[in-house]
Amino acid sequence: AVKHTAPDLPEMPPCKGSVYINKVGVSNLEQLYIHQGHMQWLWDVDGRRYLDLFAGVATVSVGHCHPKVTEAAEKQLRKLWHTTNIYVYSPLHEYTEKLAATLPDPLKVIYLTNSGSEANDLAMLMARLHTGNFDVITLRGSYHGGSPLTMGLTSNAAYKYPVASGLGCHNTMCPDVFAGPWGGSNCRDSPVQTIRDCSCPQGSCTANDKYIGQLNEVFATSVASRIAAFFAEPIMGVGGAVQYPKNFLKDTYKLVRERGGVCIADEVQTGFGRTGSHFWGFQGHDVIPDMVTMAKGIANGFPMGAVVTTPEIAASFAKGVHFNTFGGNPVACAIASSVLDEDGTQQISHDVGTYLLTELAKMRDKYEIIGDVRGKGLQIGVEMVKDKASRKPLPPAAMSEIFEDTKDMGVLIGKGGVYGQTFRIKPPMCITRDDADFFLAVFNQALHNYMEDHH
């Protein structure tokens, strides 16, 4: 990586490392100590520049320290930092009206929170109160938060603790058309399809029927006859950018509603134009959920989340008092409003994302260890395998080697998937075609280096 100096970057001592507690234990941070960011770039304390293609886990939606967002924050900080939403103040009402305008009817009632975990926690509570039912279903491999309740929604051992949590939560087979038992080359809504053969007759999807069959088995064996809710991301985030057969969510929503449940779209990572084709990920599935949860990119990294639902479901929530001290904070609302005002991000996601996907597909055909390339817009996954025939995950040590080499050459990406086998590319939605080419060159070199060393 080339050393670049950011504007007004002060001289900093070398990073000596620090210890912090994260979801999997104690880690030593001795290699990457971030000091400053601007748009799609980050600088460490030594002045080394990195192209950020992970955006704080798909959170920095319009760019680090975006000038307009920064200006909105500064302006609000000089006027009003905090009050609670028991009072009326203009940033809250202006923002919620603006956010509601992006969603179809009848999704018009908004509850503001501080995070995606809080939003999903609240959505689960509202679903149970509204339906009078208890059981909630998610997809295996999903991630919906780390709070005591949402840990039940999350179906990934790396995020679990050996304590009771999330009672009443169940999961069904993830309809993964690459790594799952069924799938073909015409299943998903993506510029890139899997390399698996598809023998489905025209107008039908055998894989979808099989995965829906698995859901019906869950209904028959694991839950009561009436359920509270079904949660799913339109495209899996932490689960590795997994995409489902085109009609899976539509068919699932129908079955869930027949059993008294509500359908909840977790848009924490897919919302705000990231999928390129639509502002909300669920719109790509031709469905309208009963509730939508969001966070991360909603305020470009400032802590904020939201639940949007219907007036009918909201009315059921009057059985008690719900209060969130910081939800709807004036500064958060001002920042989130400026994010909605930013034009062109969805188009960038479509154009640069489609280019990245098609170029990565060429790389998949070149390297035996790339099993699948998938996603839409700037929600991209590259699943790494031992070989294409077995589709077995590339081991963690190999993933780390490629990951670190990519970082050392100046590009930051993420990892995900049940086995940590998928590289995740979810940059700020301000990257350019030149940035994409830089990443492609670096990633290609990292793969080449790995193959040279091990094959």
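Worth saying up front: this structure is predicted, and the values here are computed from it rather than measured.
Environment of CZ in Phe323: crowded, with over 12 heavy atoms of neighbouring residues, nucleotides or ligands closer than 6.0 Å. Around the NZ atom of Lys386, the shell of radius 6.0 Å holds no more than 12 heavy atoms that belong to other residues, nucleotides or ligands. The environment of Tyr253 atom OH is dense: over 12 non-hydrogen atoms of other residues, nucleotides or ligands sit within 6.0 angstrom. At most 12 heavy atoms of other shown residues, nucleotides or ligands fall within 6.0 angstrom of atom NZ in Lys210. More than 12 heavy atoms of other residues, nucleotides or ligands sit less than 6.0 Å from atom NZ of Lys98.
Of the N and O atoms on the side chains of Ser349 and Gln346, not one donor lies less than 3.5 Å from an acceptor on the other residue. Side-chain contact check for Asp266 and Tyr143: no donor-acceptor pair (N or O, by modelled atom type) lies under 3.5 Å. Looking at Asp435 and Thr432, their side chains do bring a donor and an acceptor atom within 3.5 Å of each other. A donor-acceptor contact under 3.5 angstrom links the side chains of Thr293 and Asn120, judged on distance only.
A distance-only check finds no donor-acceptor pair linking the side chain of Asn171 to the backbone of Thr138 [under 3.5 Å]. Side-chain atoms of His93 never come within 3.5 Å of backbone atoms of Val88 as a donor-acceptor pair (strictly under, hydrogens ignored). Remark: side-chain polar atoms of Gln283 are not paired, donor with acceptor, to backbone N or O of Val287 under 3.5 angstrom. Here the side chain of Gln243 pairs a donor or acceptor atom with the backbone of Gly375 at under 3.5 angstrom.
Using the six-membered ring where Trp is involved, His82 and Phe326 have ring planes that are tilted, between 30° and 60° apart. Using cut-offs of 30° and 60° on the angle between ring planes, the pair Tyr211 and Trp182 is perpendicular.
Taking SG of Cys263 as the start and CG of Asp290 as the end, the distance is 5.0 Å to the nearest 0.5 Å. Atom NZ of Lys376 sits about 6.5 Å away from atom CD1 of Ile235, to the nearest 0.5 Å. Note that OG of Ser337 is 11.0 Å distant from CD of Glu97, once rounded to the nearest 0.5 Å. How far CD1 of Ile110 is from OG1 of Thr113: 11.5 Å, rounded to the nearest 0.5 Å. With rounding to the nearest 0.5 angstrom, the CG atom of Asp52 is 8.0 Å from the CD1 atom of Ile34. Expressed to the nearest 0.5 Å, how far CD1 of Ile380 lies from CG of Leu357 amounts to 4.0 Å.
Between Glu359 and Lys362 a salt bridge is recorded (basic side-chain N to carboxylate O distance below 4.0 Å). Using a 4.0 Å cut-off between charged nitrogen and carboxylate oxygen, Asp176 and Arg140 do not count as a salt-bridge pair. We find that Lys254 and Glu258 are joined by a salt bridge, their nearest charged nitrogen and carboxylate oxygen being less than 4.0 Å apart. The pair Arg391-Asp372 does not meet the salt-bridge criterion, since no charged nitrogen lies less than 4.0 angstrom from a carboxylate oxygen.
For the pair Arg128 and Phe134, the cation-pi test (distance below 6.0 Å, angle within 45°) is passed.
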Should Phe317 and Tyr111 be marked as a ring-ring contact (aromatic ring centres under 6.0 Å, His included) after you check the CA-CA gap, both sets of side-chain angles, and the distance that decides it?
CA-CA 11 Å; Phe317 195 48; Tyr111 294 80; 5.4 Å; yes
Could you walk me through whether Arg274 and Met429 pass the side chain to side chain contact (heavy atoms under 4.5 Å, CB included) test, one step at a time?
CA-CA 7 Å; Arg274 180 162 291 279; Met429 296 181 287; 3.9 Å; yes
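Between Leu112 and Asn324 there is no side-chain heavy-atom pair separated by less than 4.5 Å. Here the side chains of Pro104 and Phe282 are in contact, with some heavy-atom distance below 4.5 Å.
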